[in-house]
Protein chains: 2
Amino acid sequence: MENRIIQYITRYIDLTPEETAIINAQNQIKTFTKDTILLREGAFAKECYFILKGCIRSFYLVDGEERTTALYTENQGVHPVSYLTNEASAYYLSCLEDCVVAISTAEMGKKLLEAVPKLQRVLLQMSSELLIQNRTDLDHFKNLSPEERYIHLLETRPDLFKRVPLQHIATYLGITPVSLSRMRKRITGGYKANSGYLLTKDNFLEKLYQ
Amino acid sequence: MENRIIQYITRYIDLTPEETAIINAQNQIKTFTKDTILLREGAFAKECYFILKGCIRSFYLVDGEERTTALYTENQGVHPVSYLTNEASAYYLSCLEDCVVAISTAEMGKKLLEAVPKLQRVLLQMSSELLIQNRTDLDHFKNLSPEERYIHLLETRPDLFKRVPLQHIATYLGITPVSLSRMRKRITGGYKANSGYLLTKDNFLEKLYQ
DNA sequence: CAACCCAATTCATTATTATCAAAAAAATAC
DNA sequence: GTATTTTTTTGATAATAATGAATTGGGTTG
């Protein structure tokens with residue numbers, strides 16, 4: 001499981017066995033049960049995470065309603081804004097499933113960078129990729145209709161639909177659970193009408209893109 | 001004017017006179033007239049920019065309509081996704097005003113980093129700040145209503161309303177120019193009704209936050 | 001100064017989504 | 001396996017923004 005981290009890094013640079021050992025020695029693996037809150041609004045994030053197994057959700061609490069803003073799964077890093085800025089967090093982080101994560105703190109990260117300086121290049125590259133992803137996400141969100149966003153999510157992260165409650169996907173898409181439910185009915189309903197076949201939610205996409 | 005660049009960098013790290021000289025020697029300053037297209041959809045961005053004077057707009061062309069996604073002004077860097085990924089650009093970059101910019105290419109950047117290695121730290125820091133900004137922007141866009149987004153923009157970047165046509169601000173806010181016009185009337189109209197005073201668009205905000 | 005162009009506003013109508021409330025379905029606990 | 005939550009779906013209505021089309025306003029140009 002720890003090898004995932006090494007795999008992740010070696011997508012960017014090569015590591016000597018020594019460097020690999022240093023990194024693995026630093027790894028602090030922890031397990032959290034479902035519904036564990038990793039970060040609360042107003043709290044200060046002291047750690048960031050790399051998900052080895054499970055799913056972590058970030059959400060804002062607006063007028064008592066949860067608004068999901070990110071869904072992280074295996075092999076993704078979770079770097080709370082609060083962790084990066086040392087300011088109080090504006091949002092929550094919570095485990096949607098039992099999770100196994102590698103944890104890093106600011107001090108650990110600093111030490112690791114001193115021990116393996118070329119990791120700086122990896123960080124910069126990762127940071128750049130994250131930035132691109134975020135900008136693209138924002139552009140998509142602005143330019144696509146809710147339905148187009150739903151289809152896009154279905155295409156790019158179909159796994160989410162098998163593990164994340166629809167209510168969270170709804171707010172992640174920027175709509176209400178009620179609207180998402182209707183939208184799904186409309187879309188699959190339309191397909192049924194055209195084909196004459198009854199499709200479940202699960203095999204709809206396969207049919208659509210086969 | 002070039003000093004702006006040095007000022008920008010020294011917010012993050014100190015520079016020796018030699019390093020300052022190296023950086024200034026690299027600076028390539030260019031002027032573009034209003035409406036110059038710096039990057040077209042489908043083209044490959046070869047340069048990134050630091051705005052010394054003027055305003056640059058990025059927009060997508062969707063069904064023949066321009067959808068503004070970013071508005072850059074003085075002391076901001078413009079790093080096209082296409083520049084970072086070496087892929088064809090999905091959007092346009094255009095000068096909303098006559099612009100004076102410092103230009104950097106991938107080769108120039110690489111050379112500069114070799115000459116002044118500690119700039120890597122600046123890059124990482126900048127990258128991190130940009131990431132935070134983008135994530136916050138996306139979260140805001142998702143969680144705020146169009147009207148709240150308008151108010152927020154009025155608060156955070158009031159300068160834009162003095163130099164950017166409302167139609168571009170509208171699509172930047174994710175609404176149509178028609179809706180923005182109505183919204184502005186509604187908001188200022190409501191204030192007039194409450195106060196009994198006629199306020200112009202320019203002094204409305206001052207009154208609101210005095 | 002008049003003709004023209006583009007931006008902004010306004011009106012009437014349509015399309016979407018949100019909201020409130022309730023029922024059905026699914027998941028979880030006992 | 002039944003009871004109890006929680007999630008999802010459905011219905012009726014209200015709120016909001018989009019659309020198509022026309023008008024007004026400001027600024028530019030000849």
Side-chain angles (χ1 to χ4, degrees), chain A residues 33-35 55 57 59 62-68 71 94-98 141-151 153-154 160-190 192 198-202 204, chain B residues 33-35 55 57 59 62-68 71 94-98 141-151 153-154 160-190 192 198-202 204:
Chain A
T33 57
K34 184 176 173 178
D35 294 329
C55 181
R57 175 174 76 103
F59 63 91
V62 186
D63 301 327
E65 305 250 299
E66 296 183 359
R67 305 279 184 85
T68 299
L71 294 164
S94 152
C95 298
L96 275 180
E97 308 170 352
D98 291 342
F141 198 88
K142 264 190 198 168
N143 293 325
L144 301 185
S145 67
E147 188 164 321
E148 288 170 323
R149 294 202 291 272
Y150 169 70
I151 299 290
L153 190 65
L154 224 37
L160 291 183
F161 291 84
K162 292 178 183 141
R163 57 203 295 192
V164 178
L166 287 174
Q167 51 178 326
H168 297 143
I169 290 181
T171 61
Y172 179 62
L173 289 169
I175 58 178
T176 61
V178 177
S179 291
L180 178 58
S181 175
R182 274 189 239 282
M183 182 184 290
R184 285 163 64 85
K185 189 187 176 188
R186 198 165 62 230
I187 292 173
T188 49
K192 273 190 292 185
L198 181 75
L199 294 178
T200 65
K201 300 148 197 169
D202 277 343
F204 167 64
Chain B
T33 57
K34 184 178 171 175
D35 293 329
C55 182
R57 174 174 77 104
F59 64 90
V62 185
D63 301 327
E65 306 249 299
E66 296 181 359
R67 304 280 184 84
T68 299
L71 294 164
S94 153
C95 297
L96 275 181
E97 309 169 352
D98 291 342
F141 198 88
K142 264 191 200 170
N143 293 325
L144 300 185
S145 68
E147 189 164 322
E148 288 171 323
R149 294 201 291 269
Y150 170 71
I151 299 289
L153 190 65
L154 223 40
L160 291 183
F161 291 84
K162 291 177 182 142
R163 58 204 294 192
V164 177
L166 286 175
Q167 51 178 327
H168 296 145
I169 290 182
T171 61
Y172 179 61
L173 289 170
I175 57 178
T176 61
V178 177
S179 290
L180 178 59
S181 176
R182 268 191 245 283
M183 184 184 291
R184 284 163 64 84
K185 189 187 176 190
R186 199 165 61 229
I187 292 173
T188 49
K192 273 189 294 186
L198 182 74
L199 295 178
T200 64
K201 299 150 200 170
D202 277 344
F204 166 65

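Chain letters run A, B, ... following the sequence lines, proteins first, then strands; residues in each count from 1.
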Okay, side chain of [X], backbone of [Y]: is any donor-acceptor separation there less than 3.5 Å?
{"X": "D98(A)", "Y": "T33(A)", "answer": "no"}
{"X": "T68(B)", "Y": "T171(B)", "answer": "no"}
{"X": "R57(A)", "Y": "L96(A)", "answer": "no"}

Could you list the protein-to-nucleotides 27-30 of chain D atom pairs, N/O on both sides, closer than 3.5 Å?
none

**Prompt:** Any side-chain heavy atom of L153(B) sitting closer than 4.5 Å to one from Y172(B)?
**Reply:**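 SC-SC contact between L153(B) and Y172(B) confirmed.
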**Prompt:** Can you find a pair of side-chain heavy atoms, one from Y150(B) and one from R184(B), that are under 4.5 Å apart?
**Reply:**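 Yes, close enough: below the 4.5 Å cut-off.
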Calculate the interatomic distance between [X] atom [atom1] and [N] atom [atom2]; express it in whole Å.
{"X": "H168(A)", "N": "dT7(D)", "atom1": "NE2", "atom2": "P", "value": "7 Å"}
{"X": "Q167(A)", "N": "dT9(D)", "atom1": "CD", "atom2": "P", "value": "11 Å"}
{"X": "F161(A)", "N": "dT7(D)", "atom1": "CZ", "atom2": "P", "value": "17 Å"}
{"X": "D35(B)", "N": "dA7(C)", "atom1": "CG", "atom2": "P", "value": "10 Å"}
{"X": "E97(A)", "N": "dA27(C)", "atom1": "CD", "atom2": "C1'", "value": "15 Å"}
{"X": "E148(A)", "N": "dT16(C)", "atom1": "CD", "atom2": "C1'", "value": "13 Å"}
{"X": "R163(B)", "N": "dA7(C)", "atom1": "CZ", "atom2": "P", "value": "18 Å"}
{"X": "I169(B)", "N": "dA8(C)", "atom1": "CD1", "atom2": "P", "value": "9 Å"}

**Message:** Given dT8(D), dA8(C), dT9(C), identify the nucleotide with an atom nearest to the side chain of P165(B).
**Reply:**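 It is dA8(C).
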Atom pairs, protein N/O to nucleotides 11-17 of chain D N/O, distance under 3.5 Å:
| residue | atom | partner | partner atom | Å |
| --- | --- | --- | --- | --- |
| dG11(D) | N7 | R182(A) | NH1 | 3.2 |
| dG11(D) | O6 | R182(A) | NH2 | 3.1 |
| dA12(D) | N6 | R182(A) | NH2 | 3.0 |

**Message:** Testing the basics here: between L173(A) and F141(A), what is the closest heavy-atom pair and its distance to 0.1 Å?
**Reply:**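 The pair with the smallest heavy-atom distance is O-CE1, 3.5 Å.
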**Message:** So which atom in I175(B) and which in P146(B) form the shortest heavy-atom distance, rounded to 0.1 Å?
**Reply:**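 The pair with the smallest heavy-atom distance is CG2-CB, 3.7 Å.
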**Residues, nucleotides or ligands: over 12 heavy atoms within 6.0 Å of E65(B) CD** =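 No.
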**Identified salt bridge (Lys or Arg N to Asp or Glu O under 4.0 Å) partner of E97(A) from the options K34(A), R163(A), K162(A)** =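 Of all the options given, the one that passes is R163(A).
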